[in-house]
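Here's the structure we're looking at; comments come further down.
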Amino acid sequence: MTGEGVQSSALDGVETFSGVQNPHWHRIRSHFGVEGFGVNAWTATEAGQTLIPEHDEVGASAAGHEELYVIIKGHARFSVDGRELDAPAGTLVFVRDPALKRTAIAEEEGTTVLVVGGRPGEPFAVSAWERNSEFLRFFDSGEYERAIELLRERHREEPESAGVLYNLACAEALAGRPEDALEHLARSVELDADFRGFAQTDSDLDAVRGDPRFPAAV
Amino acid sequence: MSDAPYVVSRLDELERLSVDDEGLTWRPVRRHFGIQAFGVNAYTAGEAGARVVEEHRDGHEELYFVVSGKARFRLGDDELNVEAGTFVFVRPDALRGAVASAAGTTILAMGARAGEIFQPSGWEESFAAHGYLRAGDEERGRKLLTDFATAHADDWIAHYKLGVFESVAGRKDAALEHLIRAVALEPQAAEHAATDPDLAALREQPGFASAVAGQTQAGGEGT
């Protein structure tokens, strides 16, 4: 339903980016045009999948949000600040401290987590990672050259964004451009050391993993 | 309210506060966690036909998610039946409200004003106070609103809400005292007091009209 000032939709009707071997990202904020706070959801496509990648909210591309995770379906296992937390449907996990590392693994297929966020004391602004994630629609369709085109444009606008460089490297690796991928991956890790860790298990980078220039795990 | 760096709770464990005569049961999520960046609350219906979203207009844009059960929303002039798993997004000022179509229906409501720093809504204190009053813990409710009025000494709404609380609690002299203070701070408080259903018993008191209306005049209107 869409009326004056009103929209409704089932979760399945919200625009979703799937990716390969990744949880489905339901783009709730952008779907409805929410501007007062951040809100998104993720659904696991298989048990054992990383539903919320480990992150904090103080990195270069983070928004400094306090975040409320609501497990609306299935069963997840969270880790916050190194502490394991069992989180079946109906659990609320609120992370106030933006410096705390948090992650979640799906215990069963279909597990869905709703995430609401904002930065206290500031009007809501769309976070950099969300602004920079439009390229994912081309990962879903396998149109890697179009993803590269979009990410290069973002890179020109934000040349020091490690996240943009990392995703550009992924797209280039998938598109069969190993030299470009390795160059951008190295620059990404140089700007934000967290991306060295992400690269170790990211299947998007498999095509360049065997190269001696690939960033080694610490 | 917690200030811990992180908090984990089950929705089932959150307080259930009955806050009106239509069956609205408030689950104060934001207050429970001490969230400061956005509004978030849940409402659970004990039975079909109970209210799960108060009918109101709001300066917040609000996103409702039906966690369980089903509900019938009123959205402006339209009605919409929704099942669990549905989102309903309402922009500021549009009329919204919902009634449960099944027992146990729970709705999560998230909200904030776009482009503004989030401030917790004043109604939360009032909801909590009346919830405690209905649950038989009158003193806890009174303390909540008294502390709020003390912290916001120049806010007429804080004094008005304390006056309403005292009226509902049957303490008419105390209610009048706080309403007079509210009208002294803001003459339009008298207009609200003239029609507020929670003040019906108080309006029958001989001193009500002269006390509250008299303050209106003292506040600069009608002279």
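Here is the naming used below: chain letters follow the sequence lines, and residue numbers restart at 1 for every chain. Just so we're clear, the structure is a prediction, and the values are computed from it rather than from any experiment.
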Part of [X] lying under 4.5 Å from any heavy atom of chain A:
X: Val40(B); answer: side chain
X: Val82(B); answer: neither
X: Arg10(B); answer: both
X: Val90(B); answer: both

Point-to-point distance, once rounded to the nearest 0.5 Å, from [atom1] of [X] to [atom2] of [Y]:
X: Leu108(B); Y: Leu114(A); atom1: CG; atom2: CG; answer: 6.5 Å
X: Ile35(B); Y: Phe94(A); atom1: CD1; atom2: CZ; answer: 4.5 Å
X: Leu68(A); Y: Ser9(B); atom1: CG; atom2: OG; answer: 9.5 Å
X: Phe87(B); Y: Leu11(A); atom1: CZ; atom2: CG; answer: 5.0 Å
X: Phe37(A); Y: Glu62(B); atom1: CZ; atom2: CD; answer: 8.5 Å
X: Phe38(B); Y: Phe124(A); atom1: CZ; atom2: CZ; answer: 10.5 Å

Is any side-chain heavy atom of [Y] closer than 4.5 Å to one of [X]?
X: Asp81(A); Y: Pro5(B); value: no
X: Val6(A); Y: Asp78(B); value: no
X: Leu14(B); Y: Leu92(A); value: yes
X: Thr91(A); Y: Leu11(B); value: no

What pair of heavy atoms forms the shortest contact from [X] to [Y], and how long is it?
X: Ala94(B); Y: Gly5(A); answer: CB-O, 4.4 Å
X: Glu35(A); Y: Ala114(B); answer: CB-CB, 3.7 Å
X: Ile117(B); Y: Gly121(A); answer: CD1-O, 3.3 Å

Could you check whether any side-chain N or O of [X] sits under 3.5 Å from a backbone N or O of [Y], counting only pairs where one atom can act as donor and the other as acceptor?
X: Arg96(A); Y: Ala4(B); answer: yes
X: Glu61(B); Y: Gly36(A); answer: yes
X: Glu66(A); Y: Gln36(B); answer: yes
X: Arg91(B); Y: Gln7(A); answer: no

Tyr6(B) and Arg83(A): side chain donor to acceptor below 3.5 Å | yes
Among Tyr64(B), Phe65(B), Phe73(B), who wins on heavy-atom pairs under 4.5 Å with chain A?
-> Phe65(B)
For chain A, find which of His60(B), Met110(B), Gln119(B) contributes the most heavy-atom pairs closer than 4.5 angstrom.
-> Met110(B)
Any chance [atom1] of [X] has more than 12 other-residue heavy atoms, nucleotides or ligands included, within less than 6.0 Å?
X: Lys143(B); atom1: NZ; result: no
X: Asp77(B); atom1: CG; result: no
X: Glu47(B); atom1: CD; result: no

Most heavy-atom pairs under 4.5 angstrom with chain B, which of [options]?
options: Ile71(A), Val93(A), Val70(A); value: Val93(A)
options: Gly38(A), Ala89(A), Pro98(A); value: Ala89(A)
options: Gly33(A), Ala125(A), Gly13(A), Ala87(A); value: Gly33(A)

Steps toward side chain to side chain contact (heavy atoms under 4.5 Å, CB included) verdict (Val8(B), Asp86(A)) | CA-CA 10 Å; Val8(B) 183; Asp86(A) 187 41; over 6 Å; no
